[in-house]
Amino acid sequence: MEKRISGTTGLFTLLGSPVGHSGSPAMYNFSFQKQGLDYAYLAFDVKKEQMPQAIDALRLFKVRGSNVTMPCKSIAATLVDDLSPAAKIIGAINVIVNDNGKLTGHITDGIGFVRNLKETGVDIKGKKLVVLGAGGAATALQVQCALDGAKEISIFNQDDEFYQNAEKTKEKIGQAKPEVKVNVYPLADQAKLKAEIAQADILVNATIVGMKPLDGQSLVDKSYLRSDLVVADTVYNPLKTKLIEDAETLGCTIAPGKGMLLWQGAAAYSLFTGKEMPTAEYQAYEQ
Ligand code: NAD
């Protein structure tokens, strides 16, 4: 490390709270070193109300780029100079690129989701999706799938504060990509859920159900699944949720959340450095 850090080393950061558990510093610093890049990546615990100061600090210290995590993704989108097309629609960012003082916000969660599917041999183009959830991860992947050519997206959510979000996403996709059909249904309508899954190519869980401490739970009855359905999850802790395990037992193609996490990070790395992240080497190193 003492040989790697010099007076010219460019800084990348992670902003959000909490950040102590994040795997990003290890992943990006490993990749910088592997590719001989004179960069370093550090995490800073920043609360939502401190984001204006943090963004000023990025400018002051000429930080090359930053990731943004919860709970700062939405406020950060209001503080940068420009937004990517997906970030504009979603109104949240997880990446900031500092291009000689101009800060551009991007959102790579949806890009990571689509790439994760691609890695399992599934092309999103022309597909019908059923997505459970209407929070941050759900919205990001719904918008990206629409931008990348999905045919139809049926969103199911429980009756909570996120339900309205689904209606807003429907409206926004309708404006940006009117050819994509978006339906919003209450999760309580199990007959509808069963019928929609029966007609879908891809089923996605983008809720917190399945994540610790809700591990062992699934929102989808196993009998709704069939072997030619692609089943994806955004949850990465545990590595395999009950939904993913049920799907795997039935022989479905599966795309667990860990892959989405890796590929959203890799997409950010490309925005930061203009290079492909050495993902295979990092995965081998991590194990
Ligand atoms: P969020 O808080 O923004 O949204 C939560 C969603 O879960 C909402 O749709 C809410 O209605 C739903 N929900 C909550 N409790 C529920 C219940 N008991 N029954 C049914 N639905 C319920 O959360 P988020 O940031 O979108 O994260 C969702 C999951 O995605 C988390 O597990 C998170 O770790 C994961 N995630 C993964 C990645 C990745 O790269 N793999 C990226 C972002 C988030």
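As the structure is a computational prediction, the values presented were derived from the model and not from experiment. Heads up: numbering here begins at 1 and tracks the sequence.
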Take atom CD in Q164; do more than 12 heavy atoms of anything else shown fall under 6.0 Å from it? no
Inset, instruction - Would you confirm whether T104, through its side chain, and V97, through its main-chain N or O, come within 3.5 Å as a donor-acceptor pair? - result: no
Checking I153, L229, L117 against I202 for side-chain contact (heavy atoms from CB on, under 4.5 Å), the one that qualifies is L117
Under the 3.5 angstrom rule, does the side chain of K242 hit a backbone N or O of S218 as a donor-acceptor pair? no
Discussion item. A side-chain contact here means heavy atoms from C-beta on lying under 4.5 Å apart; do K194 and D221 qualify?
Written reply: no
- prompt: If only atom types and distance count, is the side chain of D201 paired as donor or acceptor with the main-chain N or O of K127 below 3.5 Å?
  reply: no
Review point. Within a strict 4.5 Å, meaning less than it, do heavy atoms of the M260 and D109 side chains meet?
Key: yes
query = Given the rule that I, L, V, M, F, W and Y join up when any side-chain heavy atoms are under 4.5 Å apart, are L58 and L11 in one cluster?
reply = yes
Hey, is the main chain of L103 close enough, under 3.5 Å, to the side chain of D81 for a donor-acceptor pair?
yes
Test of understanding: clusters of I, L, V, M, F, W, Y form through side-chain heavy atoms closer than 4.5 Å, transitively. Do L129 and I155 belong to the same one? yes
State plainly whether the residues D38 and R64 are in salt-bridge range, i.e. N to O under 4.0 Å.
no
Check this for me: Q53, atom CD, are more than 12 non-hydrogen atoms of other residues, nucleotides or ligands nearer than 6.0 Å? no
S22 and S24 have their tightest heavy-atom pair at OG-N, 3.0 Å
With the side chain counted from C-beta on, respond yes when Q199 and E152 share a heavy-atom pair under 4.5 Å apart, and no when they do not. no
Output for pair (L147 CG, I89 CD1), nearest 0.5 Å, gives 4.5 Å
Apply side-chain contact (heavy atoms from CB on, under 4.5 Å) to residues V235 and L243 and explain how you reach the verdict.
CA-CA 10 Å; V235 174; L243 173 66; over 6 Å; no
> Under 3.5 Å, is there a donor-acceptor pair between the side chain of R226 and the main chain of I197?
Replying inline: yes
| Side-chain donor or acceptor of S84 paired with backbone N/O of A87 under 3.5 Å | yes
In this structure, CG of L250 is separated from OG of S227 (nearest 0.5 Å) by 7.5 Å
For this session: Taking Q33 for its side chain and F30 for its backbone only, find out whether a donor-acceptor pair lies under 3.5 Å.
Result: no
Between A267 and I111 the two heavy atoms that sit nearest each other are CB-CG2, 3.9 Å
Please determine whether the number of non-hydrogen atoms from other residues, nucleotides or ligands lying under 6.0 Å from atom NZ of K240 exceeds 12.
no
Practice problem: For the pair Y28 and F272, name the ring-plane relationship: parallel under 30°, tilted 30 to 60°, perpendicular over 60°. | Solution: perpendicular
query = Are there more than 12 heavy atoms of other residues, nucleotides or ligands under 6.0 Å from atom CD of E276?
reply = no
#### Entry: Minimum side-chain heavy-atom gap L42-P25 below 4.5 Å
no
Check: I55 and I96 side chains under 4.5 Å, non-hydrogen atoms: yes
In the structure I gave you, are the side-chain heavy atoms of C72 and Q50 within less than 4.5 Å of one another anywhere? no
query: Taking the six-membered ring for Trp, are F32 and Y39 parallel (under 30°), tilted (30 to 60°) or perpendicular (over 60°)?
result: perpendicular
Here the pair of heavy atoms bringing F162 nearest to G135 is CD2-CA, 3.5 Å
_Taking the side chain as everything from C-beta on, heavy atoms only, tell me whether F156 gets closer than 4.5 Å to E196._
yes
Scanning both residues in full, the closest heavy-atom pair of A247 with I254 reads CB-CG2, 3.8 Å
Output for pair (L219 CG, Q190 CD), nearest 0.5 Å, gives 8.5 Å
Distance col, row K48:NZ vs I75:CD1, nearest 0.5 angstrom, shows 7.0 Å
Given the options N67, T108, T69, N94 meets side chain to side chain donor-acceptor pair (under 3.5 Å) only with T108
For T120 and A255 the tightest heavy-atom approach is CG2-CB, 4.3 Å
Taking every heavy atom of L15 against every heavy atom of S66, the minimum-distance pair comes out as CG-OG, 3.5 Å
Residues pairing under side-chain hydrogen bond (donor to acceptor under 3.5 Å, both in side chains) where one sits in residues 133-149, two or more places apart or in two chains, turn out to be Q144-D148
Quick one: does any side-chain atom of N98 pair with a main-chain N or O of V63 as donor and acceptor, under 3.5 Å? yes
The side-chain contact (heavy atoms from CB on, under 4.5 Å) partner of V130 among V204, L193, N205 is L193
For Y41 and L14: C-alpha separation, side-chain torsions, deciding distance, then whether side-chain contact (heavy atoms from CB on, under 4.5 Å) applies. CA-CA 8 Å; Y41 187 105; L14 169 64; 3.3 Å; yes
Got a sec: does the CG of D228 have more than 12 other heavy atoms crowding it under 6.0 Å?
yes
Taken to the nearest 0.5 Å, the spacing of L132 CG from L203 CG works out to 5.5 Å
Notebook entry, point to check: If you draw a 6.0 Å radius around NZ in K177, do more than 12 non-hydrogen atoms from other residues or ligands fall strictly inside?
Noted result: yes
We want to know whether D233 and T241 form a side-chain donor-acceptor pair, criterion being a heavy-atom distance below 3.5 angstrom.
yes
E286 meets the salt bridge (charged side-chain N to carboxylate O under 4.0 Å, His left out) criterion, sequence neighbours left out, with K258
So with a 6.0 Å cut-off around NZ of K275, is the heavy-atom count from everything else above 12?
no
Self-check item: Contact check, side chains of Q158 and T207, non-hydrogen atoms, under 4.5 Å
Solution: no
NZ of K73 to CD1 of I90, rounded to nearest 0.5 Å, is 9.5 Å
